[in-house]
Colleague: 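Sharing a structure with you now.
Fair warning: this is a prediction, and the values are worked out from it, not measured in the lab. All ligand and atom numbering here is 1-based and tracks the order in the structure.
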Amino acid sequence: MVVTKNRVVVDPVTRIEGHLRVEALLDDKGVIHDALSTGTMWRGIEVILRGRDPRDAWAFTERICGVCTTVHALASIRAVEDALAIRIPANANIIRNIMFLTQMVQDHVIHFYHLHALDWVDVVSALSADPKATSELAETVSPRWPKSSPGYFADVHATLKKFVESGQLGIFANAYWGHPAYKLPPEANLMAVAHYLEALKWQKELIKIHTVFGGKNPHPNYLVGGMPCAIDLESDNAINVERLQLVREKILEAKEIVEQLYVPDLLAIASFYGDWASIGGGLGNYMAYGDLPQKHIEDVDGFLFPRGVVLGKNLGEVLPLDPKNPDEIQEQIAHSWYRYPAGKDALHPFEGVTEPHYTGPKPPYRALDENSAYSWLKTPRWKGHAVEVGPLARMLVGYASGRADFKQVVDDALGALKVPATALFSTLGRTAARGLETQLCIHWLMAEYDRLIANVKAGDWNTANTERWEPATWPKDCKGFGFTEAPRGALGHWIHIQDEKIANYQCVVPSTWNASPRDAKGQHGAYEAALIGTPMADPEKPVEILRTIHSFDPCLACASHVFGPDGRKLAEVVVR
Ligand code: NFE
Ligand code: MG
């Protein structure tokens, strides 16, 4: 981190995936009045894909990231199926939904405990907690969670003490312990640390569902036309009763973690940080592509996560969205290190171009120039609007669409925290929305599992449609759009297939929307906008910047991939 007069630079931002740099400009009262969000490394996946077999694209794009490990594969096969007009069987759709929901639940719990909680929880303060008082607190916060005895918390306390006394904080190193912005009493801190460790042990369990249907995790296998797993109740080597039972057990364990730990901890911690319900709101524009088809992917109205846009915090209206319309989604490069063909300053992804053109300072540098190009991220816009994507966007689009299940979890949480609906438009609202959608997801996960079981029992074991597998059956020239709601938000892949090969491929990724630099009109991206107006207690310890940036759960690996087509490192920034 570098602080020069009125300019705070955080590089790299840690407890995220990928390489993100943030520069915040402070006024004389220590309030952020402008901010830059910068992806400091480049993505080249789109270039690598040109000329390849479209049926292989999922395996390349899935490796954009090991965090949202399945979502690029799903977006990719859907793009190819859209281009080739392939309709997948019912079981494939359900299994994809199960994979999606498994990813969502695991990723959100990990984000809360392991990437975000330490912005609110002071690990060192937990040392002064009384295990007996912690046990009493835990029994109030999560009465149905079994591990809450004074002895249990005394053990956690002893483990933590050993850590701190060794001087090697390990996973708890590098935070701003003792900062006055930490508000939890020591017992709440100890309880949160205990649950951090519980969640860490658990997260590897849920993901076994990916190994059942996709063979492995990270990067499970997918298939254009369906899913690459065979259902055969008579076989030891296919999805059989035993494996389906394992999936059910893992869902039930996850339900306990979400309902007895994650959501109660989230609400308990949030109740100490009411001031963050009016900080970090940012753009006030929200977009979701929607996901979880119940029948066919073209039945958008039946998605469990609805599609749409909310502009200007207006929950009275959800605007329709068509990602294939060339006038709606466009990527600009006014402040990015890329080049477009002469005369073009914004391109729809079907026409998208990925040509790197670095014009920034020679590293190491002290500051970037917000008036010129300053990021490896492009600047996506919807009808010219900067929009936020992610859990808050999905919850608001669901809420504003009048979906009863969304309304219930949102209204319950607002009631529990005793805050008005406007509190949603904030850092705290963004963090809470992630927990609330996890409640919906765990419920939907069991429902999708039950649908699969019903089909299997009825004798439908089909998981793939291979009618259009052979390239000879394809049109000479076609285009497709594939999408999903990744944990961090709306993810789109656009493919152009010509003569059986990929002619063009573009990914517009959730963290690209949220972390984008400003556009040609000077409109900030979501991270930048959310930082503006934040008061900072101590610029040398910028915990406020981390709280808001982490509330988005950044993934810069997704947003800006690391290596060029020849494997060469294109830019290197010294980590201070
Ligand atoms: Ni690498 Fe990702 C998600 C995608 S990026 S984590 O979720 O797509 O925002
Ligand atoms: Mg892209």
Colleague: Among residues at least two apart in sequence or on other chains, which ones pass salt bridge (charged side-chain N to carboxylate O under 4.0 Å, His left out) with E253?
Modeller: K250

Colleague: With heavy-atom distances below 4.0 Å as the criterion, list the atoms of ligand 1 near P487.
Modeller: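 Close to P487: 7 (O).
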
Colleague: List the steps, then state whether salt bridge (charged side-chain N to carboxylate O under 4.0 Å, His left out) holds for K344 with E351.
Modeller: CA-CA 11 Å; K344 300 280 186 192; E351 315 303 329; over 6 Å; no

Colleague: Could you pull out the closest heavy-atom pair between P349 and V508, with the gap in Å?
Modeller: CG-CG2, 3.9 Å

Colleague: Would you say D477 and H496 make side-chain contact, with heavy atoms under 4.5 Å?
Modeller: yes

Colleague: Quick check on contacts: which atoms of ligand 1 are under 4.0 angstrom from a heavy atom of L491?
Modeller: 8 (O)

Colleague: Could you list which atoms of ligand 1 come closer than 4.0 Å to a heavy atom of H72?
Modeller: 4 (C), 8 (O)

Colleague: What residue pairs, at least two apart or across chains, pass side-chain hydrogen bond (donor to acceptor under 3.5 Å, both in side chains) with a residue in residues 217-227?
Modeller: H210-N217

Colleague: For the Mg ion (ligand 2), find the closest N/O/S atom belonging to E46 and write down its atom name.
Modeller: OE2

Colleague: Do V509 and R488 have side-chain heavy atoms sitting under 4.5 Å apart?
Modeller: no

Colleague: What pairs with E355 under salt bridge (charged side-chain N to carboxylate O under 4.0 Å, His left out), at least two apart in sequence or on another chain?
Modeller: R339

Colleague: May I ask you to check whether W444 and F305 place their ring centers less than 6.0 Å from one another?
Modeller: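 They qualify: ring centres under 6.0 Å apart.
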
Colleague: Please list, in chain and residue-number order, the protein N/O/S atoms closer than 2.8 Å to atom 1 (Ni) of ligand 1.
Modeller: C65 SG, C555 SG, C558 SG

